[in-house]
Visitor: 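Take this structure first; my questions come after.
Each residue takes its place number in the sequence, starting with 1. No hydrogens, no waters, no symmetry mates; every other heavy atom, side chains included, goes into these values.
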Amino acid sequence: MKIIVLDGYALNPGDLSWNDMAQLGDLIVYDRVENSEIMDKIDDAEIIFTNKTPITKTIIDSCPNIKFIGVLATGYNVVDVEYAASKNIPVCNIPTYGTAAVAQYVFALLLEICHNVKHHSDVVKAGRWSNCKDFCFWDYPLIELAGKTMGIIGFGRIGQNTAKIAKSFGMSVLVYSNHANKDLEDESIKYAAFDKVLSCSDVISLHCPLSDSTREIINKESIAKMKNGAIIINTARGPLINEKDLKDALESGKLYGAALDVVSKEPIEKDNELLGVDNCIITPHIAWGPKEARQRLMDIAVDNLKHFIKDTPTNVVNM
């Protein structure tokens, strides 16, 4: 059985091992594959793993030996899952590997906005504290999270974990979700209508999947309903936000700040207008990247393939 990994570098830049997967078949791992090379690289392989390399109807038709498609991520929009299903090809994703890592990263971003830790460390090292007339100074407002409200849009595993961390900071949480589970509510976490989440939240964190109904869910109209001075965090999908509308709101002062680990097109284009906005933090899609999380991803990917080989497929998203 021939196994092809089309873009393995992001998952494993060298600090993990492919050995467990290699024991299941003849494994070839490519760090990266150009779109024009996909069919040649797949060739006669039966097992395909992809992270962001697209597997389209054309690819599936051109590579008739494909029997299994594994996505090395939670999101699977890079695969034509419906067409794969019509060919009886299961598409399996990795649903739970990054829950703790991404929720933790939400607060890494939020706390940087609240305290500007790196900036204040840099100016201390540059000598400003040594020359200061007072025992302390700060260049930006310092924000305490206790007593604030976090709005969470989308309440899957990561959203739920984010809510738990918010509670530990003394925040209350309002949740907007199409699939409300009242058992998850308590004195600090409540479901609410979308407009109420927008109007009552000091911080809004996005955790919903990208779909036709959520694309650009953050736009001029929804931002207008937010509190003046609200903060937006996005560790989910870049196209959830209309970036021009976000830029306008940040520059006008309607929003205090934003922190994005994802953008509309990745890698970010050099002319992305958010790059010039001072109160917008942008990081290169790394919330998922701690070694511990990537090892879980690797382990689940191998387990998905083992289950397929035993004819008991798991984490199937298209059947």
Visitor: Just so I know, are the side chains of Tyr83 and Asp61 near enough to count as touching, which here means a heavy-atom distance under 4.5 Å?
Guide: yes
Visitor: Is any side-chain heavy atom of Ile47 less than 4.5 Å from a side-chain heavy atom of Leu24?
Guide: no
Visitor: Does the side chain of Ile69 come within less than 4.5 Å of Tyr76's, by heavy atoms?
Guide: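 Contact flag for Tyr76/Ile69 side chains = no.
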Visitor: Counting only N and O atoms by type, is there a donor-acceptor contact under 3.5 Å from the side chain of Lys254 to the main-chain atoms of Leu250?
Guide: no
Visitor: Please determine if Asp44 and Lys2 form a salt bridge, counting it only when a charged side-chain N lies under 4.0 Å from a carboxylate O.
Guide: yes
Visitor: With a 6.0 Å cut-off (strictly less than), is the heavy-atom count around CZ of Phe308, excluding the residue itself, greater than 12?
Guide: yes
Visitor: Just so I know, are the side chains of Ile59 and Pro54 near enough to count as touching, which here means a heavy-atom distance under 4.5 Å?
Guide: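 No, too far: nothing below the 4.5 Å cut-off.
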Visitor: For the SG atom of Cys200 and the NZ atom of Lys225, what is their distance to the nearest 0.5 Å?
Guide: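 Here the interatomic distance stands at 13.0 Å.
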Visitor: Are Thr162 and Ile158 close enough, and set up right, to give a side chain to side chain contact (heavy atoms under 4.5 Å, CB included), and what steps lead you there?
Guide: CA-CA 6 Å; Thr162 300; Ile158 296 173; 4.1 Å; yes
Visitor: Can you tell me if Asp261 uses its side chain to pair, donor with acceptor, with the backbone of Thr235 under 3.5 Å?
Guide: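 No, Asp261 side chain to Thr235 backbone: no donor-acceptor pair under 3.5 Å.
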Visitor: Check this for me: Glu112, atom CD, are more than 12 non-hydrogen atoms of other residues, nucleotides or ligands nearer than 6.0 Å?
Guide: yes
Visitor: Apply side chain to side chain contact (heavy atoms under 4.5 Å, CB included) to residues Leu184 and Val175 and explain how you reach the verdict.
Guide: CA-CA 10 Å; Leu184 298 176; Val175 175; over 6 Å; no
Visitor: Identify whether Ile94 and Trp18 are in the same connected component of the hydrophobic contact network (ILVMFWY, side-chain heavy atoms under 4.5 Å).
Guide: yes
Visitor: With Tyr97, which residues qualify under ring-ring contact (aromatic ring centres under 6.0 Å, His included), at least two apart?
Guide: none
Visitor: Run Asn12 and Val29 through side chain to side chain contact (heavy atoms under 4.5 Å, CB included) and show every step you take.
Guide: CA-CA 10 Å; Asn12 181 17; Val29 179; over 6 Å; no
Visitor: Ignoring hydrogens and geometry, is there a side-chain-to-backbone donor-acceptor pair from Trp129 to Phe135 under 3.5 Å?
Guide: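 Present.
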Visitor: Is any side-chain N of the basic residue among Asp80 and Lys57 closer than 4.0 Å to the acidic one's carboxylate O?
Guide: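 Salt bridge between Asp80 and Lys57, a charged N being under 4.0 Å from a carboxylate O: no.
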Visitor: Any donor-acceptor pair under 3.5 Å linking the side chain of Asn242 with the backbone of Asn219?
Guide: no
Visitor: Counting only heavy atoms from other residues, nucleotides and ligands, does the tally under 6.0 Å from CG of Asp15 exceed 12?
Guide: yes
Visitor: Quick check: are there more than 12 heavy atoms from other residues, nucleotides or ligands sitting under 6.0 Å from CG of Asp271?
Guide: yes
Visitor: With rounding to the nearest 0.5 Å, note down the distance linking CG in Leu305 to CD1 in Ile3.
Guide: 5.0 Å
Visitor: Would you say Glu185's side chain and Tyr191's backbone share a donor-acceptor pair under 3.5 angstrom?
Guide: yes
Visitor: Tell me if a side-chain donor or acceptor on Glu266 pairs with a main-chain N or O of His285 at a distance below 3.5 Å.
Guide: no
Visitor: Who are the side-chain hydrogen bond (donor to acceptor under 3.5 Å, both in side chains) partners of Lys148, not counting sequence neighbours?
Guide: none
Visitor: Please identify which of these residues, Asn304, Thr74, Thr96, meets the side chain to side chain donor-acceptor pair (under 3.5 Å) condition with Asn315.
Guide: Asn304
Visitor: Quick one: are Asp248 and Lys220 in side-chain contact, heavy atoms under 4.5 Å?
Guide: no
Visitor: Can the ring centroids of Phe68 and Phe49 be said to lie less than 6.0 angstrom from one another?
Guide: yes
Visitor: Taking all atoms of both residues into account, what is the closest heavy-atom pair of Ala84 and Val91, and its distance?
Guide: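 Smallest heavy-atom distance, with atoms named: CB-CG2, 3.8 Å.
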Visitor: Between His120 and Tyr140, what is the ring plane arrangement, given parallel below 30°, perpendicular above 60°, and tilted in between?
Guide: perpendicular
Visitor: Which residues pass the ring-ring contact (aromatic ring centres under 6.0 Å, His included) test with Tyr9, not counting sequence neighbours?
Guide: none
Visitor: Counting neighbours of NZ on Lys196 that are heavy atoms of other residues, nucleotides or ligands and sit closer than 6.0 Å, is the number greater than 12?
Guide: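 No, because the 6.0 Å sphere around NZ of Lys196 holds 12 heavy atoms or fewer from other groups.
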Visitor: For Leu255, run the side-chain contact (heavy atoms from CB on, under 4.5 Å) check against Asn279, Ile223, Ile204, Ile231 and tell me which one passes.
Guide: Ile223
Visitor: Any side-chain heavy atom of Asn181 within less than 4.5 Å of one from Gln160?
Guide: no
Visitor: List, by chain and then residue number, the residues other than Met319 in its hydrophobic cluster (Ile/Leu/Val/Met/Phe/Trp/Tyr, side-chain heavy atoms under 4.5 Å); write none if there are no others.
Guide: Val316
Visitor: Report the residues that fulfil side-chain contact (heavy atoms from CB on, under 4.5 Å) with Ala73, sequence neighbours left out, ordered by chain and then residue number.
Guide: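 For Ala73 the side-chain contact (heavy atoms from CB on, under 4.5 Å) partners, ignoring immediate neighbours, are Asn51, Lys52, Val71.
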Visitor: Taking side-chain hydrogen bond (donor to acceptor under 3.5 Å, both in side chains) as the cut-off, I'd like each qualifying pair that reaches into residues 27-38, sequence neighbours left out, listed once.
Guide: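 Sorted result for residues 27-38: empty, none.
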Visitor: Which heavy atom of Ala100 sits nearest a heavy atom of Asn161, and at what distance?
Guide: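 Minimum heavy-atom contact is CA-ND2, 3.6 Å.
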